[in-house]
Amino acid sequence: VEPPLLLDVSDLHVSYGKINAVTGVSLQVRQGQIVTVVGPNGAGKTTLMSAIMGVLPSSGRIAVSDGAGACRDEGPGIASRVCSGIGLVPETRALFSSMSIEDNLRLGAFRFRKEPKARHADALDEVFTLFPRLKERRQQEASTLSGGERQMLALGRALMGRPRLLMLDEPSLGLAPLIVREIFRILTRLREQGVSILLVEQNALAALKIADYAYVLELGQVAMEGPAEAVAADPRVVQAYLGSQ
Ligand code: ATP
């Protein structure tokens, strides 16, 4: 039996003025899965993520299954996405650079601001357990972090919002192979803890290795989809994305 659907996107269209960046994409994420979207530069991967997060207007259907205890904020905007338990780690990381690591993390729990302080401390402890490096540097200004540490902080901040669906846009971008491995190891650990993940990557090899299901996006459309193992073994994918890696 397949796990229940968490995110169900159908026939999504997103344009920037006359430029149609995403044209008729349908995509699903089931509970406890890592789903990856791979594809070349300009395929529309970031646009797709932004539309799902409600940052960009789109047409089509984006349905997020109702989680127990989810807050009520209907509508197409970002607030309703955060409410339904979607957390985004953007490609730019978007940290508050003049604030400390700890304060960046605390901001990630904004949607729980009315909860008791102890709850926040627990969430912070969990993030520090995953990322001991952040704990050592908790009072350090975010601007002084290395690329790998910045990615860890962006991921930690998203986790402070206790997402049911974690979306990551190119987490490996600009990072050394060792750090990429560390981040991907943490993603598989999060899956074990029940977090579902939508992972956008240009590093197709690494993403297909950990994913359950994969979509290949080309020119704003799904060119291929299937279980990650099958997609990784497809000769067209090997030639276009895996050959040189
Ligand atoms: P990359 O891997 O390089 O980040 P991507 O797959 O994420 O690429 P997008 O960034 O979503 O692709 O871009 C998809 C298309 O939309 C591209 O043709 C791009 O030039 C265009 N595009 C993206 N952002 C804008 C914008 N703000 N205004 C106009 N066109 C845009």
Side-chain angles (χ1 to χ4, degrees), residues 6 31-34 49 53 67-71 78 81-201 203 206-207 209-211:
L6 184 56
Q31 255 163 43
Q33 283 189 336
I34 298 181
M49 289 280 219
M53 195 67 217
C71 51
I78 188 166
R81 299 288 185 262
V82 172
C83 255
S84 54
I86 302 186
L88 174 67
V89 183
E91 189 173 354
T92 60
R93 327 309 199 211
L95 300 174
F96 297 94
S97 52
S98 63
M99 289 171 55
S100 69
I101 287 180
E102 183 169 333
D103 287 345
N104 268 278
L105 289 173
R106 288 186 184 282
L107 276 175
F110 183 73
R111 77 177 177 119
F112 301 116
R113 62 195 175 281
K114 291 189 184 128
E115 285 191 356
K117 281 211 170 83
R119 203 63 214 270
H120 291 270
D122 288 348
L124 204 57
D125 279 346
E126 276 174 39
V127 169
F128 283 149
T129 305
L130 270 183
F131 303 107
R133 288 165 77 95
L134 296 182
K135 187 174 188 177
E136 291 161 21
R137 295 166 171 75
R138 61 199 292 170
Q139 299 307 337
Q140 195 174 317
E141 210 176 85
S143 63
T144 63
L145 295 180
S146 73
E149 290 161 356
R150 294 174 69 78
Q151 183 58 58
M152 288 175 192
L153 179 53
L155 179 50
R157 185 183 54 187
L159 291 175
M160 290 292 291
R162 281 176 256 148
R164 293 189 297 143
L165 174 66
L166 181 66
M167 302 202 299
L168 300 106
D169 195 355
E170 306 264 4
S172 77
L173 195 75
L175 301 184
L178 201 67
I179 309 218
V180 173
R181 268 207 295 281
E182 168 78 8
I183 299 234
F184 277 55
R185 194 181 54 77
I186 285 167
L187 296 185
T188 56
R189 212 161 124 190
L190 290 170
R191 170 175 56 192
E192 283 161 21
Q193 294 170 9
V195 181
S196 310
I197 295 173
L198 182 60
L199 171 66
V200 161
E201 262 298 341
N203 187 343
K209 253 189 210 152
I210 64 163

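Everything quoted here is computed from the prediction, not taken from an experiment. Start at 1 with the first residue, then count along the sequence.
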Rounded distance (nearest 0.5 Å) linking atom CG of Leu165 with atom CG of Leu6: 5.0 Å
From CA spacing to verdict: side-chain contact (heavy atoms from CB on, under 4.5 Å), Leu166, Leu155: CA-CA 9 Å; Leu166 181 66; Leu155 179 50; 3.6 Å; yes
To the nearest 0.5 angstrom, please state how far the CE atom of Met167 sits from the CD1 atom of Ile86. 5.5 Å
Going through the distances and angles, do Leu124 and Arg138 end up as a side-chain contact (heavy atoms from CB on, under 4.5 Å)? CA-CA 10 Å; Leu124 204 57; Arg138 61 199 292 170; 4.0 Å; yes
Restricting to pairs with a member in residues 166-178, which pass salt bridge (charged side-chain N to carboxylate O under 4.0 Å, His left out), not counting sequence neighbours? none
Check: Ile179 and Met152 side chains under 4.5 Å, non-hydrogen atoms: yes
Shortest non-hydrogen pair, Ala142 vs Leu153, comes out as CB-CD2, 4.0 Å
Can you find a pair of side-chain heavy atoms, one from Met99 and one from Leu107, that are under 4.5 Å apart? yes
Measuring from atom CD1 of Ile210 to atom CZ of Arg181, what distance do you get when rounded to the nearest 0.5 angstrom? 13.5 Å
Could you grab the distance from atom CG of Asn203 to atom NZ of Lys209, nearest 0.5 Å is fine? 9.0 Å
Do the non-hydrogen side-chain atoms of Pro171 and Leu199 ever get within less than 4.5 Å of each other? yes
Could you list the donor-acceptor pairs under 3.5 angstrom formed between side-chain atoms of residues 126-135 and any protein atom two or more places apart in sequence or on another chain?
residue, atom, partner, partner atom, Å
Thr129, OG1, Asp125, O, 2.7
Arg133, NH2, Glu149, OE2, 2.9

Can you check whether Glu141's main-chain N or O pairs, donor with acceptor, with Ser100's side chain at less than 3.5 Å? no
So Leu187 and Leu168, side-chain contact (heavy atoms from CB on, under 4.5 Å) or not? Walk me through it. CA-CA 10 Å; Leu187 296 185; Leu168 300 106; 3.9 Å; yes
So, do Arg191 and Gln33 sit near enough that their side-chain heavy atoms are less than 4.5 Å apart? no
Under a 4.0 Å N-O cut-off, is there an ion pair linking Glu182 with Arg185? yes
Would you confirm whether Arg164, through its side chain, and Ser196, through its main-chain N or O, come within 3.5 Å as a donor-acceptor pair? no
Between Leu159 and the options Leu105, Ile186, Leu190, Val89, the side chain to side chain contact (heavy atoms under 4.5 Å, CB included) test singles out Leu190
Would you confirm whether Gln140, through its side chain, and Leu145, through its main-chain N or O, come within 3.5 Å as a donor-acceptor pair? no
For Ala94, which residues count as a side chain to side chain contact (heavy atoms under 4.5 Å, CB included) partner, sequence neighbours excluded? Pro90, Thr92, Arg157
If you look at every heavy atom in Pro163 and Gly87, which pair is closest and at what distance? CB-N, 3.7 Å
